[in-house]
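Written below as structure tokens is the structure these notes are about.
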Amino acid sequence: MEEKRGLRIELPASSDTGGTTGSSRPTAGRRANTGRRRRRHGRSLRGDLIPQHLPGSRSRGERFEGWVAESAQRLEQLWGVRVSDIQFVVNDIPERLEELTTWQERAPLASNTPAQPGRPAVITVYRCPVETAARDRVPRADLIHDVIVEQLSELMGLPPEAVDPGYGESHA
């Protein structure tokens with residue numbers, strides 16, 4: 001069973017003891033970790049550069065994941081339970097990219113894995129190839145939706161136009 005690693009975030013465990021030993025006094029040469037420090041000369045940022053409620057505060061990866069989620073929600077409204085059981089994963093690049101591009105002219109934009117007993121169907125969208133393909137030609141959100149519709153149509157055995165009537169409108 002292969003582990004999907006596209007959306008997982010792990011924080012490193014903190015091993016900082018604050019510069020103190022068993023006693024409550026700081027050791028020589030180290031200050032106690034008081035948690036609050038003075039900002040000298042007023043030359044550092046006091047808060048976020050862009051407030052969290054504005055779209056510019058999100059990273060490219062977070063925006064991409066948001067577009068994948070919007071596309072999945074749109075398809076779930078159209079198909080209901082058949083789509084709600086599918087797991088959507090975002091990875092930066094496909095595994096074994098060098099091998100794939102030796103016999104293909106471009107990197108795959110997505111892949112799918114059919115459902116198996118005990119495991120849901122999985123649609124994996126690759127962020128870097130999609131962003132490269134969308135450059136200056138198609139809005140990214142539209143291309144992401146079309147890629148997901150193509151993968152879903154493969155899983156369902158239907159043409160993409162039957163899965164979503166709006167498929168391909170961004171290409172026209």
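In this structure, the side chains of V163 and E150 stay at 4.5 Å or more apart for every pair of heavy atoms. Looking only at side-chain heavy atoms (C-beta outward), D85 and P120 stay at 4.5 Å or farther from each other. Side-chain atoms of N91 and Y126, non-hydrogen and from C-beta on, do get closer than 4.5 Å to each other.
S84 and E76 get closest at one heavy-atom pair: CB-OE2, 3.3 Å. Counting all heavy atoms, side chain and backbone alike, A134 lies closest to R140 at CB-CG, 3.7 Å. Residues A162 and W79 share a closest heavy-atom pair of O-CZ2, 3.5 Å. The heavy-atom pair separating P159 from S153 by the smallest distance is C-CB, 4.0 Å.
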One pair to check against side chain to side chain contact (heavy atoms under 4.5 Å, CB included): Q151 and T124. What are the steps and the verdict?
CA-CA 9 Å; Q151 296 301 314; T124 305; over 6 Å; no

With side chain to side chain contact (heavy atoms under 4.5 Å, CB included) as the criterion, how do R119 and Q87 come out once you've worked through the C-alpha distance, each side chain's angles and the decisive distance to 0.1 Å?
CA-CA 10 Å; R119 290 188 355 189; Q87 180 181 9; over 6 Å; no

Give the C-alpha distance, both sets of side-chain angles, the deciding distance and a yes or no for side chain to side chain contact (heavy atoms under 4.5 Å, CB included) between F88 and I123.
CA-CA 5 Å; F88 294 88; I123 294 177; 3.8 Å; yes

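For the atom pair CD1 (I86) and CG (L152), the distance works out to 4.5 Å, reported to the nearest 0.5 Å. The distance from the CG atom of L143 to the CZ atom of R135 is 12.5 Å, given to the nearest 0.5 Å. Distance OG/S111 to CD/E154: 9.5 Å, rounded to 0.5 Å. The distance from atom OG of S71 to atom CG of D164, rounded to the nearest 0.5 Å, is 8.0 Å. For the atom pair CG (D92) and CD (E131), the distance works out to 8.5 Å, reported to the nearest 0.5 Å.
Of the candidates V147, I144, T132, V147 is the only one forming a side-chain contact (heavy atoms from CB on, under 4.5 Å) with L109.
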